[in-house]
Amino acid sequence: MDDDGQVTVQSSPQRVSFDPAEMDTGAFYRVLNSVVVPRPIAWVVTQSAEGVHNLAPHSFYTVACVDPPIVQFTSVGRKDSLRNAEATGEFTVNLTPEALFERVNATGTDFPAGESEAEHTGVRLEPSDTVSVPRVAQSPVSLECALHSTLRLGDSTVVFGRVVHVSVWETAVRDGRARIDQLRPLARLGGNEWSTIGEVKEIRRIPYRKWAEDPSIGEQVRGD
Ligand SMILES: Cc1cc2nc3c(=O)[nH]c(=O)nc-3n(C[C@H](O)[C@H](O)[C@H](O)COP(=O)(O)O)c2cc1C
């Protein structure tokens, strides 16, 4: 913005346009994946009706609701994680730690439904506290979920899980809060790129009352 509140265009670079109506689905998907970044990764453990454990990473993942606490992940197509969550009504979402980079990636291999990714990749599962589906023993955080609902959207299905319990390694909790330096989560970027936690910045939200009282706050934010 300039001094008159007009949007100034000179300072911004030229833009490249990507139009889903003019691109094939895969190409546009790759564009979306490279701009909606970084994405946290849900390491989802499910169990088939026959009792086979399934472990798969899902980066279309976020908190969906605060009260009740609900998280969501998206199955692009009907994958085993979705089928199993529907079959048993339970799953766990585990944080993907930096130390397990290669193993997290390897659990994205399309092993047949009857084979356990955890066994193939040497990821240890252990019993959860409140659900019958296990959690990842080597992950510092596990969200124990009861299937809330699913939402079919085109080629994908969003899976909503009501979080009934959260367990965090004691070593990762300080003053009642999980600490990022102990969690070291991986995140997904575009292409085959992943990221780790970089510089951590801290800043407080500014209440409007303070903003209105003190003109220097706005000056600092705008860099006047
Ligand atoms: C880091 C990462 C993130 C992924 N995110 C997703 C995702 O959000 N949705 C999805 O359907 N597949 C995703 N995949 C691919 C699945 O993990 C892969 O298709 C896997 O075989 C699915 O396992 P399942 O059939 O056992 O559920 C991702 C793979 C990796 C490595």
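In listed order, ligands and their atoms are each counted from 1.
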Please identify which atoms of ligand 1 are closer than 4.0 Å to at least one heavy atom of S75.
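Those of ligand 1 that fall under 4.0 Å from S75 are 11 (O).
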Answer with side chain, backbone, both or neither: which part of [X] has a heavy atom less than 4.0 angstrom from an atom of ligand 1?
X	result
R188	side chain
W194	side chain
T109	backbone
T74	backbone

Taking side chain to side chain contact (heavy atoms under 4.5 Å, CB included) as the test, write out the residues that go with I203, two or more places apart.
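Partners of I203 by the side chain to side chain contact (heavy atoms under 4.5 Å, CB included) criterion come out as none, since no residue qualifies.
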For [atom], what's the nearest protein heavy atom and its distance?
atom	answer
atom 14 (N) of ligand 1	P57 O, 3.4 Å
atom 25 (O) of ligand 1	D80 N, 3.1 Å
atom 19 (O) of ligand 1	K79 NZ, 3.0 Å
atom 3 (C) of ligand 1	S59 N, 3.6 Å
atom 27 (O) of ligand 1	S81 OG, 2.6 Å
atom 18 (C) of ligand 1	G108 O, 3.4 Å
atom 26 (O) of ligand 1	N54 ND2, 2.8 Å

So, do T196 and L186 sit near enough that their side-chain heavy atoms are less than 4.5 Å apart?
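Yes; the side chains approach each other to less than 4.5 Å.
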I'd like to know if the side chain of T92 and the backbone of P134 have a donor-acceptor N/O pair within less than 3.5 Å.
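Yes; at least one donor-acceptor contact below 3.5 Å.
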Just by distance, do the side chain of E117 and the backbone of A56 share a donor-acceptor pair under 3.5 Å?
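Flag not set: sc E117 to bb A56 has no pair under 3.5 Å.
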Could you tell me how the ring of F60 sits relative to the ring of Y29: parallel (under 30°), tilted (30 to 60°) or perpendicular (over 60°)?
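Judged by the thresholds at 30° and 60°, the geometry between F60 and Y29 is perpendicular.
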Could you tell me whether R222 and D224 make a salt bridge, using a distance below 4.0 angstrom between a side-chain N and a carboxylate O?
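Here R222 pairs with D224 in a salt bridge, since their nearest N and O are under 4.0 Å apart.
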Ignoring angles and geometry beyond distance, decide whether V76 reaches within less than 3.5 Å of ligand 1 through its nitrogen or oxygen atoms.
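Min N/O separation from ligand 1 is below 3.5 Å for V76.
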Heteroatom distance test (A56, ligand 1): nitrogen or oxygen, under 3.5 angstrom:
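Among all N and O atoms of A56, none is under 3.5 Å from an N or O of ligand 1.
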Indicate whether any N or O donor in one side chain lies under 3.5 Å from an N or O acceptor in the other, for E90 and S132.
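Short answer, yes.
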Can you spot which of N84, D80, T88 makes a side-chain hydrogen bond (donor to acceptor under 3.5 Å, both in side chains) with T46?
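So, applying the side-chain hydrogen bond (donor to acceptor under 3.5 Å, both in side chains) to T46 and each of N84, D80, T88, only N84 qualifies.
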If a pair satisfies salt bridge (charged side-chain N to carboxylate O under 4.0 Å, His left out) and one of its residues is in residues 59-79, list it, with sequence neighbours excluded.
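Output for this query lists R78-E86.
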For ligand 1, is F73 a contact, meaning one of its heavy atoms is under 4.0 Å away?
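False for this residue.
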Non-hydrogen atom of E117 closer than 4.0 Å to ligand 1:
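Yes; E117 lies near enough to ligand 1 that a heavy-atom distance drops under 4.0 Å.
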